[in-house]
Structures are given as C-alpha cells and as structure tokens.
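A quick write-up on the structure given underneath.
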Amino acid sequence: MKDFRVRFAPSPTGALHIGGVRTALYNYLLAKKMNGTFVLRIEDTDQKRYVKGAEDYIIQALEWCGIMPSEGQGLGGDYGPYRQSERRELYQQSIQQLIDNGNAYYAFDTPEELDAMRKRLEEAGGSVRNYCIFTRMDMKNSLTLPADEVAKKLASGEPYTIRLKVPADQTVVVNDVIRGEVKFETNTLDDKVMMKGDGLPTYHLANIVDDHAMKISHVIRGEEWLPSTAHHVLLYRAFGWEDEMPQFAHLPLILKPNGKGKLSKRDGQKLGIPVFPLSWDSDKPEDAFTGFKEFGFEPKAVINFLAFLGWNPGTEQEIFSLDELAEAFSLEKVGVSGARFDFDKAKWYNQEYIKAMDNTALAEKVKPWLSEEALQKGDDYLAAVCGLLKERVEVLPDFKEQSSYFFGPVQAYDDKNVKKRWKPENLARFEELKNMLAELSTFDAATAEAEVARFMAKHELGNGQVFPVLRLALAGTMKGPGVFEVMEVMGKEKVIMHFEAAFDYFEKLTKVS
RNA sequence: GCUCCUGUCGUCUAAUGGUUUAGGACACCUGACUUUCUAUCAGGAAAUGCGAGUUCGAUUCUCGUCGGGAGUGCCA
C-alpha cells in the first residue's frame with residue numbers, strides 16, 4: 001500500500017484566496033484522517049506574476065487556520081527543495097527525456113505569430129483554434145523545420161519553447177474520485193507549452209514532475225484543473241509513470257454570493273465581505289483586502305464554514321472541531337456542483353463559536369478591538385462585559401460598538417426614545433431612585449432589582465415607565481442586556497455617574513424641544 | 001466557437017427506483033419568553049429546471065433541451 005501523501009501547491013502571486021484555503025483544508029483533513037503526510041510546495045515558476053511576501057502570507061494564513069502542512073517549504077522534508085524555482089535542473093532533465101522519446105518538440109514561434117495563428121483560425125470559423133495536432137505542422141517547430149536548422153536555432157540562442165506532442169486518435173480517461181470517469185479525445189487537446197522561453201517549466205510539467213518526485217498519492221485541487229488533467233495523464237504516460245499516477249479529485253468551485261461566476265477578490269471589496277483569511281496590504285487601495293481575521297472571525301469558525309462549502313457529513317451535525325472534521329471527512333461526500341459563498345452562514349458559525357467560548361478567553365480575543373481606556377478596566381471586568389454581550393455579537397468588533405458605555409460615558413443617546421420616555425415629573429423621581437441605589441451596601445442584580453421594585457411600588461409605576469428610562473440612562477440605547485445585569489457588572493459608582501449625566505441630558509433635551 | 005464539469009427550498013445541502021406530506025442548517029415570517037435587543041423554544045412559508053424514454057413506479061437511470069460554471073495563455 002502506497003503511503004498517503006497529499007500536497008497544497010499554491011502560487012505566490014498574492015494573498016491566498018479563501019478557495020485555496022478550502023483546498024488546503026481538505027488536503028489537511030484527509031492527510032490527518034489517513035495518517036498521511038501533507039506537503040506544502042510553492043509553485044513559483046511564473047517570475048512575472050511573482051509577488052514578494054506572498055509566500056509568507058500563505059504560511060501565516062495556514063497557520064492562523066490551524067491547518068499547517070507537516071512537510072514542505074519552510075518545514076523541511078526528504079523531497080526538497082519545495083520551491084519550484086529551485087528545482088530547475090530536475091525539470092530540464094525531465095523535459096529532455098520527453099524530447100528524447102519523441103513526446104515533446106521545440107517550437108520557435110513568436111508570441112506575435114501565435115496570436116496571428118489564433119486570429120486566422122478564428123476567422124476561418126472552424127472548431128480548431130489552437131496549437132495542436134491539426135495545426136502544428138503549419139508552425140515553426142522541430143517537427144516542421146529541417147534538423148540542421150533546428151540545431152542552428154538552438155545553438156544561436158534563439159528563444160524557443162518546448163511543447164507536448166499530444167498523440168492522435170486516443171481517448172484519455174481520467175478517473176476522478178469525486179466525479180467518476182471523465183473522458184477526453186486527444187484530437188481536441190492542444191500541444192501545451194511545457195517549457196517556457198525563460199527556461200522555466202509551466203505548471204503542467206513542473207506539477208507532474210514534482211508530484212511524482214514527491215510521491216504524491218492523491219491530487220486534490222480545484223475544478224479549474226479538470227480540463228487540463230488529460231494533459232497531465234498524457235504526461236505521466238510520456239514519462240512512463242502511469243502506474244504510479246496519483247488519484248485525482250477535483251473540488252467544486254466557490255461561487256459569488258450573488259450573480260454569476262466564481263468568487264473573486266473584487267467581490268470582497270464590492271460587498272464589504274472578506275474573501276481572504278488575513279488582510280493583505282498594498283500601496284494600491286484596489287489591491288488591499290481585509291481578511292476574516294481582521295473582520296473579527298474565529299479561525300475555527302472559518303474552517304467549519306469552509307468545510308461545509310461543498311462537503312457535508314450526511315448527518316445533521318453542523319458544528320465540527322478540526323478533529324471531528326478529520327474524522328468525518330471523505331472525498332466521497334464532497335459535492336460535484338459549485339457552492340455559493342454565503343456570508344450570513346459564515347457569521348452564524350462565528351456567533352456559535354463566540355457563544356461557546358469561555359468569557360475570559362473571549363475577553364482576550366476582543367482586546368485588539370478595544371480602546372486603551374477599556375483595557376485598563378481589568379481582565380475580570382472585561383470578561384464580565386463579554387459574558388453579558390456575547391449572545392448578541394456576530395463578529396468580534398461588534399463588542400466594541402456594543403460595549404462602550406461600560407468603559408466610559410454614553411457616547412450617544414437615542415433622542416427619539418428619550419423624548420418619548422422622559423416626562424416632566426421624571427427628574428425628581430429618578431433622582432430619588434438614584435439616591436436609593438446609592439445607599440445600597442451590596443450592589444448586585446438582585447438587590448438593585450429589589451430596590452427598583454420598591455421604588456416602582458411606592459410611586460405606582462409600571463415597568464414601561466421605568467425600565468426604558470434606566471436602559472437609556474445606562475446605555476443610551478434601547479438595546480442590550482438586562483438593566484440589572486448591566487448595573488451589577490458596572491458597579492454602583494459607574495451606575496450613579498451614568499444616571500447623573502443622563503438625567504441632566506434628558507432634561508435639557510426635553511426642555512428645548 | 002470548441003472541450004470538460006454541473007442543475008433538489010433564496011443559499012449550503014440530505015435522501016431514495018416505491019418506506020417521502022422530499023429531511024436538516026442559514027436567511028426570512030409568526031408566536032412564546034423578556035423591560036429592550038439578542039439568545040432560546042414552538043410554529044410557518046419555501047425545492048427535485050423543462051421534455052421525452054426505460055420501468056408497474058423516477059427527484060433518483062438514459063437521451064435531448066434549457067440554464068449555470070470552468071478551461072481554451074511562453075498564468076497557475
């Protein structure tokens with residue numbers, strides 16, 4: 001039995017998209033379940049698109065998500081180096097092998113000539129529009145040019161690419177774990193470039209060579225790779241590695257929240273939702289993105305959410321830890337059609353994780369969003385506030401918005417409701433209540449409530465005449481936790497201070513208008 | 001254009017050739033609880049794209065059709 005080895009092979013061309021994170025997650029889960037190895041390989045063969053910092057970002061993102069590979073770039077292992085830019089020799093040898101056994105050929109066509117060819121074919125209106133079995137003999141390559149001219153061109157340093165010579169009249173059958181048999185006719189396949197003019201391999205070549213060299217047993221990747229998998233099978237054959245070919249599994253795409261097409265980074269900006277795990281900074285504002293982390297998401301919630309985008313355990317359980325996911329996960333249960341990104345569901349997951357969190361731990365998580373003033377109130381106080389608010393919070397920054405009155409004066413009062421609730425006779429009465437509360441020796445929710453009840457009985461007041469006023473005075477808003485719970489957490493002194501400021505304001509507001 | 005993938009509530013999905021009034025979750029609506037907002041609980045509305053065929057019976061299998069997606073680069 002072959003060792004179970006999977007890999008995540010991103011390109012360092014920018015921030016790691018949430019779709020990539022899900023691919024990594026599924027690989028991680030399977031490796032864990034199968035007691036296998038999860039490898040990280042950096043596919044940096046496109047020097048034009050290389051972005052500095054992207055590799056670090058990828059590693060940080062995987063780390064934040066808690067789905068780090070155990071072998072690969074930055075992690076060590078027996079199959080390195082794990083950056084493709086450092087494996088050029090291997091690719092050179094491999095491509096030479098293909099040239100030697102007649103499965104690849106040199107092509108000297110310039111980009112302009114290729115454009116012209118495509119344009120010509122398109123105008124001709126036929127179904128063939130690329131460099132392939134039907135057109136290769138019309139082009140400038142080692143199949144059409146005399147051997148001595150080819151040798152001369154190579155010797156002269158004229159730029160060239162090396163293309164795969166796709167065989168004619170064959171049917172390639174890809175056995176996809178998720179989709180079953182997928183068939184391709186080689187006559188419809190193009191002669192893909194394997195080696196670029198700059199001497200670096202394309203994805204196709206490097207990927208196959210590396211997966212083979214790194215003894216990858218299962219290739220789990222996005223559906224966008226399915227159409228080129230025929231070429232990959234052809235490559236395994238050309239190398240004589242077909243017996244060791246990994247199993248393929250193509251994951252459904254993640255689609256836009258609404259509208260057409262797959263999720264893109266632009267959707268994040270347009271809709272104000274995160275589509276990256278971590279923020280990505282850029283000088284250009286259009287290239288800077290806010291991540292799930294900075295949006296106030298818990299990594300566990302993001303993972304839970306992502307796992308369910310295209311996969312389902314078949315039970316009614318919705319909340320899964322990483323270990324539970326690894327236990328329950330299987331490729332057979334991965335869906336086949338695209339999954340729409342649903343931000344509401346992501347927020348729901350986050351709320352579930354926040355609610356389940358211990359108050360002290362939650363307070364730690366919330367700290368980055370709080371003011372210096374709030375932090376100075378101490379961890380216990382913070383934890384108590386978190387405990388009161390956590391049921392009405394979806395993402396961490398919600399705490400900041402909803403908790404300010406616990407840490408300082410009320411920022412803004414709900415004037416509309418103040419006018420509705422504050423009557424001319426209120427001042428005297430509530431001053432009296434304030435004084436009653438001020439004299440309490442123990443100040444907790446129960447005693448405060450009892451005292452307020454005494455006050456209401458004395459003046460024959462109903463809940464509706466008292467509670468909204470208290471809430472307004474304490475929080476400035478009609479929303480929030482129970483007033484007595486708020487009082488207990490705030491403590492007597494702060495409650496009195498809030499009352500004084502509020503009654504003053506209420507008077508002024510109702511007098512002038 | 002060509003190639004490949006795909007089509008169950010608005011969304012993510014479950015299920016099975018008949019045991020299904022097609023199940024769950026998010027979102028939505030109603031009610032209960034509560035001083036409010038949440039949370040919670042109880043309800044509600046909501047789907048097998050369409051057309052043939054196979055079959056005693058199809059949402060499930062086949063074909064067609066229409067729709068959605070991806071690929072079609074000296075990007076990955």
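Just so we're on the same page: letters track the sequence lines, and every chain starts at 1.
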Checklist entry - Is the centre of the A:F407 ring less than 6.0 Å from the centre of the A:F399 ring? => result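 Aromatic pair excluded; centres sit 6.0 Å or further apart.
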
Item to check | Aromatic centroids of A:W422 and A:F503 separated by under 6.0 Å | outcome: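 Here the rings of A:W422 and A:F503 have centres that are less than 6.0 Å from each other.
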
Checklist entry - Going by an N to O cut-off under 4.0 Å, is there a salt bridge joining A:R49 and A:D46? => result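 A salt bridge is present here (some side-chain N lies under 4.0 Å from a carboxylate O).
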
Checklist entry - Is it true that A:R83 and A:E55 have a side-chain N and a carboxylate O under 4.0 angstrom from each other? => result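 Salt bridge: yes.
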
Whole-angstrom distance between [N] and [M], as gauged at atom [atom1]:
N	M	atom1	result
B:C26	B:C63	P	38 Å
B:G44	B:C9	C1'	14 Å
B:G7	B:C50	P	15 Å
B:U54	B:C61	C1'	8 Å
B:G23	B:U40	C1'	23 Å

Selection from [options] that lies nearest to any side-chain heavy atom of [X]:
X	options	value
A:N463	B:U35, B:A76, B:U72	B:U35
A:P111	B:U35, B:A70, B:C74	B:C74
A:L226	B:C74, B:C5, B:G68	B:C5
A:P227	B:G71, B:U36, B:C75	B:G71

Could you tell me whether the side chain of [X] has a donor or acceptor atom within less than 3.5 Å of a complementary atom in the base of [N]?
X	N	value
A:R340	B:C12	no
A:R179	B:C5	no
A:K262	B:A70	no

Checklist entry - Is the shortest side-chain N/O distance from A:R118 to OP1 or OP2 of B:C74 below 4.0 Å? => result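 Checking B:C74 against A:R118, a side-chain N or O does come within under 4.0 Å of OP1 or OP2.
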
Checklist entry - Is any side-chain N or O of A:K256 closer than 4.0 Å to OP1 or OP2 of B:U11? => result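 No, no such contact exists.
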
